[in-house]
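Each remark here refers to the structure printed beneath this line.
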Number of protein chains: 2
Amino acid sequence: MASDLLERIKELIIDRRLPPGAPMPSERELTELLGTGRTCVREALKALQAMGIVDIRHGFGTYVGPMSMAPLTEGLAFRTVAGHYRGEDSLLQLLELREALETGLAGRLAGRLAEADLAELDALVARMEEEALDGAVRVETDRAFHAALCRGLDNPLLSEVLEAFWSAYRRVRADLPEQRSADPRASCARHREIVAAIRAGDSLRAQAAIRDHFCNIRSHLRLTYRFAR
Amino acid sequence: MASDLLERIKELIIDRRLPPGAPMPSERELTELLGTGRTCVREALKALQAMGIVDIRHGFGTYVGPMSMAPLTEGLAFRTVAGHYRGEDSLLQLLELREALETGLAGRLAGRLAEADLAELDALVARMEEEALDGAVRVETDRAFHAALCRGLDNPLLSEVLEAFWSAYRRVRADLPEQRSADPRASCARHREIVAAIRAGDSLRAQAAIRDHFCNIRSHLRLTYRFAR
DNA sequence: CTAGCTCAGTTGGTTAGAGCAGCTGACTCT
DNA sequence: AGAGTCAGCTGCTCTAACCAACTGAGCTAG
């Protein structure tokens, strides 16, 4: 009877055309509305929260979630860590996933990026080079670069999914102890080449640059694996 | 106090190296183990279930989940439907996401697919053509084609993510009423071209074929949008 | 009159206890 | 030996009460 509670709450959101950020009925109201106990309502809401559909704020209320892809990060990171500890090359798989997506992106992106976006990418690479001199590139800078890359596509979903993959990768690297980082100088050069290729409108070159970038990361990853076993 | 219950249960899985399918402690045991009420344990488990980390079976027990990307489908489909009803081109975004990923895939796939896989793809296209004569291509056949495509990559994560995107797209199309389907005959030809390009080892041609395929779907989608408004 | 505090009333968070419902396996009766 | 039953696991649902976070109205002190 209360097994399709999740669906019914989803329907409620759809039917009422509730936009992200809109307040949901309170737990007590939902309890009456759906003719079920509060426990079940709460369990359903928790599940919806895990999916990013709903946003629960203690003492304040429940709201329609931002519908971002952020929850993906959670599951993906966990899956990857768990797989890693069981001896799978899950981190490598995650990296390949990102590579496939970004490669496909670069193809469509080349020559279609506004000069403003290109300038921002230039600035980010410049900052990377600065930071590389001080030792290591800040994580935020790298994230900003990848985020700026797909902004030009005008596809929020794509951006968020990529961001989620990136975060998951990052998180897993942070969770796993043994890590050796790549040469930051070489990494900068690769980033610069990516921007150059896109500016030149050379789709093939852009893809090659991305692939090259990932190939480098991958080889370092493999090194890590070898030492870990 | 019980706010990081989720994390603690995840840790439990990691620490005990529980593989997918392994039995979790029962709710009552977890209650004692974590020193908290049963309600909270259940809420946490529900959330974990929504992330695919745990698999709950009534009257049987709770098990470590398959860690598949299937839950992604849920959230993605909902987000897309909700966005659509609010006037966004969310379905188009989802389609572009798939396109970017499959394009990136095709690049790496070309020439690297075993003959056995290619033969299977051939067979699937042949079946499509048969079904096209009877009216419309069965959904299962299309799914099988896309699934077979990435099997050659030996990257389960990639396959699952793609499958999740595909399912979400499919589900949304089914949920939304107004739909006009593409010409099945033309669709078959495009699928055949994709296989041919990959067999030829022509990375560029394979990408073009995929792009072409999606371009066709997209134009039909746009048509649908125009009529819907 | 205003700045700040307090408190009542909202919301979600947590707990305990009871009973329901699905599944398994051993035990019993035919 | 086979079929049916039942005890004992599991998760599911509900109730009722209380805790904790936050808001906003209203009061108080400056």
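Chain naming here is simple, since letters A, B, ... match the order of the sequence lines and numbering starts at 1 in each. What you see below is based on every heavy atom in this structure, not just the backbone, and it leaves out hydrogens, waters and symmetry mates.
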Check your understanding: Within the pair A:Thr62 and C:dG12, is there a side-chain N or O less than 4.0 Å away from OP1 or OP2?
Key ->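 Yes, because at least one side-chain N or O of A:Thr62 sits under 4.0 Å from OP1 or OP2 of C:dG12.
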
**Study point:** Side-chain N or O of B:Thr39 closer than 4.0 Å to phosphate OP1/OP2 of C:dT14
**Key:**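 For C:dT14, neither OP1 nor OP2 has a side-chain N or O of B:Thr39 closer than 4.0 Å.
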
Point to revise | Sugar-phosphate, base or nothing in reach of A:Gly59, heavy atoms under 4.0 Å | key: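 A:Gly59: base contact, heavy atoms under 4.0 Å.
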
Could you state the atom-to-atom distance from [atom1] of [X] to [atom2] of [N] in whole Å?
{"X": "A:Leu45", "N": "C:dT14", "atom1": "CG", "atom2": "P", "answer": "14 Å"}
{"X": "B:Arg38", "N": "D:dC9", "atom1": "CZ", "atom2": "C1'", "answer": "12 Å"}
{"X": "A:Arg28", "N": "D:dT15", "atom1": "CZ", "atom2": "C1'", "answer": "13 Å"}
{"X": "A:Arg57", "N": "C:dG12", "atom1": "CZ", "atom2": "P", "answer": "11 Å"}
{"X": "B:Glu29", "N": "D:dG11", "atom1": "CD", "atom2": "P", "answer": "8 Å"}
{"X": "A:His58", "N": "D:dT23", "atom1": "NE2", "atom2": "C1'", "answer": "13 Å"}
{"X": "B:Arg42", "N": "D:dT15", "atom1": "CZ", "atom2": "C1'", "answer": "15 Å"}
{"X": "B:Glu32", "N": "D:dT10", "atom1": "CD", "atom2": "P", "answer": "11 Å"}

Practice item. For residues A:Tyr169 and A:Ile217, determine if any side-chain heavy atom of one lies less than 4.5 Å from a side-chain heavy atom of the other. Key: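 Heavy-atom side-chain distance check passes, below 4.5 Å.
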
**Study point:** Residue whose nearest DNA chain D nucleotide is more 5′ - A:Phe60 or A:Gly35
**Key:**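 Closest to the 5' end, via its nearest nucleotide, is A:Gly35.
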
Check your understanding: Would you say the side chains of B:Glu131 and B:Thr141 form a donor-acceptor pair under 3.5 Å?
Key ->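 Yes, B:Thr141 and B:Glu131 have a side-chain donor paired with an acceptor closer than 3.5 Å.
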
Check your understanding: Considering residues, nucleotides and ligands other than B:Asp122, do more than 12 of their heavy atoms fall under 6.0 Å from its CG?
Key ->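 More than 12 within 6.0 Å, yes.
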
Exercise for review: Give a yes or no on this: more than 12 heavy atoms of other residues, nucleotides or ligands lie within 6.0 Å of atom CZ of A:Arg112.
Suggested key: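 Not buried by this count: 12 neighbours or fewer within 6.0 Å.
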
Point to revise | A:Ser26 side chain, from C-beta outward: closest of C:dT14, D:dG11, C:dT11 | key: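 Selected nucleotide (nearest to the side chain): C:dT11.
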
